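As the structure is a prediction and not an experimental result, all values here were calculated from the model. Proteins come first, then strands; the chains are lettered A, B, ... in the order of their sequence lines, and each starts at number 1.
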2 protein chains.
Amino acid sequence: MESLSDRQKMLLTLVIHEYTRTAVPVGSQSLVEHYHLDLSSATVRNELAALTEMGYLRQPHTSAGRSPTEDGYRYFVSQLLQQTDLPAETRRTISHQFYQMRNDSDQWMRLAASVLANQSRAVSLVTAPRPENAVLKHLELISTRGRQILMIMVMAGGEVHQKFFSMNEVYSQEQLSTTAAAITQAAQGLRMEDIVTIRPYLDETSQIILNSIIPELTQTTQPALSEVYMDGMTNVLAEPEFSGSEEARRAFRLLEERSMLDDLLSRSVVGSAVGGVHVIIGGEGAWEELRQCSIVLARYGLPGQITGTLGVLGPIRMSYGRSISAVRFLSGLLSELVSTGLAD
Amino acid sequence: MESLSDRQKMLLTLVIHEYTRTAVPVGSQSLVEHYHLDLSSATVRNELAALTEMGYLRQPHTSAGRSPTEDGYRYFVSQLLQQTDLPAETRRTISHQFYQMRNDSDQWMRLAASVLANQSRAVSLVTAPRPENAVLKHLELISTRGRQILMIMVMAGGEVHQKFFSMNEVYSQEQLSTTAAAITQAAQGLRMEDIVTIRPYLDETSQIILNSIIPELTQTTQPALSEVYMDGMTNVLAEPEFSGSEEARRAFRLLEERSMLDDLLSRSVVGSAVGGVHVIIGGEGAWEELRQCSIVLARYGLPGQITGTLGVLGPIRMSYGRSISAVRFLSGLLSELVSTGLAD
DNA sequence: ATTAGCACTCTCCTTGATAGAGTGCTAATT
DNA sequence: AATTAGCACTCTATCAAGGAGAGTGCTAAT
């Protein structure tokens, strides 16, 4: 692949910028006028023809303007987009909002989704932080009604799981508390999978209780179909390529299908990465429903300990600069919050 | 208001049925043909003219067919719609799905939202069951990291609240457990607001801890901005009156605004009630953004003890029969689940 | 009371003509 | 050798005009 001249790079950038703004194929003359270029439209035309030849631009039909191809966007994101940050003012405001808030994971996620949606003007997706290898720190068993039990697990990372279930028999709260305390002590520092090994160290009743709760224990932390927080759907509904057409519903259906979403977010490896931020343009072949969409994703948290994912999903012609900087900033901020939350 | 003849009632029903199906104003001739009426189009025309006169039908312009007015729908829902149930087969399948599932409130709500959306082919809204007057049954305080505390409240109804916060000093887990046990015992059967009154009965350290957690205690259960489960947004996106127009976004923005939603669901008193199910047609004046929408709502649970809300939101020309029967069935089913959950 | 018949109205779709934006190519200019 | 002015050509979007279709209201006949 031959490389682009500086002027071609500039023109590609301008075409993308203009097309992002208007959603209409952009012509040589309008480019010259709108950006006060020191070139004639004929020259621009020649360059655009070259870029089209190379596969970075596309013409809906002869005698129409040009719009960027997926490859055009990829080149732009990986080569031309210089890293920008959100304005300092904005960053401060956002940080404030997070720190002002009680240390409540649910609230944080909600706020993150809301901020991300507003900044990127696309759909935002945020998953709660999840421990990568679960280590139990504290266990509580609480009788709620009859044989129904509430189990609460505090993990080494500081986050909490709770789970209801029914026992085969009724146990007193005293018995349950004793067992929970015993398990807590014995399982100190053990990984979830290894908790069975403590059985010999417990008294008889505790063993019976442990047997009942083991499936719950492991199941709860293992697949952990993590909840996905979402916001800003009205943003993308307003975009011309989604209003009215069939295409919008396709993408939305994907968002309503939890399992899809989970898969989508966990595959954040695909696509080109820029400073920890992954950009998936036009579904990259893997996602038929997302052919008209792009995704900007990042992980956050403490790698190896506790991590989550956040990102935005929008039309291919979204503003990558804005999205990437928003995602980058928020992933940094959330990482910070997660780790100070642990250290505090 | 003069009352309708039987024939007028039938014709109104047919017009509504047809308009629900096609979203196009329906004319006399097409009515006669489509439903094989034993009448001429002229007669039907006269009757339709009368219904239009009375305000139950509307003509977009002279020489167009008729569509129902809001009043037409109200009359239909309150007077003409005979109560139907979901098919027995369907009811059984749905019940099975619920009972097959672990007693997990979060899962139930998700399933309820999904089923409701599928049955009604509209947007479904479900709130988790909430105690109407909060009575504490069991309290746990768990140290997670340093001064950070996890507080868990089990309410008399059996449901659970958890909350993180930081204390001013570090306390040992033993101290916290002792205090929690003391408070649990002393506060037995007390309403949340009256919990301050137990302070004199505690030892000194417990008093200090109690002081720190009282704001958290009351605040957590009071406003309880209940989480709303939602599903089926793609259903309504497909409807012609929402595709493309500005109107869709207006309604969706409302759905993304949590506070609005809460307000909306709690005002379930407005509108005509049919067997515990409330129907709000065209926003009933109160909701500007929902002028094009109707809502079918019901409460579920044990009145006075623990209740939640569920409903569907769709275009005015939704199928009220289907929506109402789905909402009615699910509210009954959830009520049952909630109360057996308590009795179990 | 019902209906057949008819004149009239309004929308929607098709057709044809036109303006506008854009292209590619060639020849002139720097 | 790169740039640009000029020109012929292409394709779309828009608008007006005309006709088909669906519907209405009214009157007179059944």
Q: Distance from A/Y320 atom OH to A/I281 atom CD1, nearest 0.5 Å?
A: 4.5 Å
Q: Contact list please: residues 57-65 of chain B against DNA chain C, heavy atoms, distance less than 4.0 Å, in numerical order.
A: B/H61, B/T62, B/S63
Q: Please determine if B/E239 and B/R317 form a salt bridge, counting it only when a charged side-chain N lies under 4.0 Å from a carboxylate O.
A: yes
Q: Hey, is the side chain of B/R66 poking within less than 4.0 Å of OP1 or OP2 on D/dA22, counting only N and O atoms?
A: no
Q: Whole angstroms only, please: what is the CD-C1' distance between B/E33 and D/dG23?
A: 12 Å
Q: Once you round it to whole Å, what is the distance between C1' of D/dA22 and CD of B/E18?
A: 14 Å
Q: Could you tell me which non-hydrogen atom of B/V32 sits nearest to which non-hydrogen atom of B/L39, and how far apart they are?
A: CG1-O, 3.5 Å
Q: Using the test side-chain contact (heavy atoms from CB on, under 4.5 Å), find all partners of B/S67 that sit at least two apart in sequence or belong to another chain.
A: B/Y19, B/R58
Q: Of all heavy-atom pairs between A/L57 and A/L12, which one has the smallest distance, and what is that distance?
A: CD2-CD1, 3.9 Å
Q: Taking only residues two or more places apart in sequence or in another chain, which ones pass side chain to side chain donor-acceptor pair (under 3.5 Å) with B/E256?
A: A/T234
Q: How would you summarise protein contacts on nucleotides 1-8 of chain D per nucleotide, using B for base, S for sugar-phosphate only and - for none, with heavy-atom distances below 4.0 Å?
A: --SBSB--
Q: Answer yes or no: is there an ion pair linking A/R7 with A/E47, defined by an N-O contact shorter than 4.0 Å?
A: yes
Q: Does any part of the side chain of A/H61, heavy atoms only, come nearer than 4.5 Å to the side chain of A/P25, both counted from C-beta?
A: no
Q: Would you please name every residue forming a side chain to side chain donor-acceptor pair (under 3.5 Å) with B/R91, sequence neighbours left out?
A: none
Q: Mind calculating the distance between CG (B/L37) and P (C/dT3) to the nearest angstrom?
A: 11 Å
Q: Which string of ( ) [ ] | and . matches DNA chain D, if you list each base 5' to 3' and count Watson-Crick or G-U pairs only when both distances are under 3.5 Å?
A: ||||||||||||||||||||||||||||||
Q: Separation of B/L31 atom CG from C/dT3 atom P, in whole Å?
A: 15 Å
Q: At their closest point, which heavy atom of B/A298 faces which heavy atom of B/G276, and how far apart are they?
A: CB-O, 3.8 Å
Q: Check this for me: B/R322, atom CZ, are more than 12 non-hydrogen atoms of other residues, nucleotides or ligands nearer than 6.0 Å?
A: yes
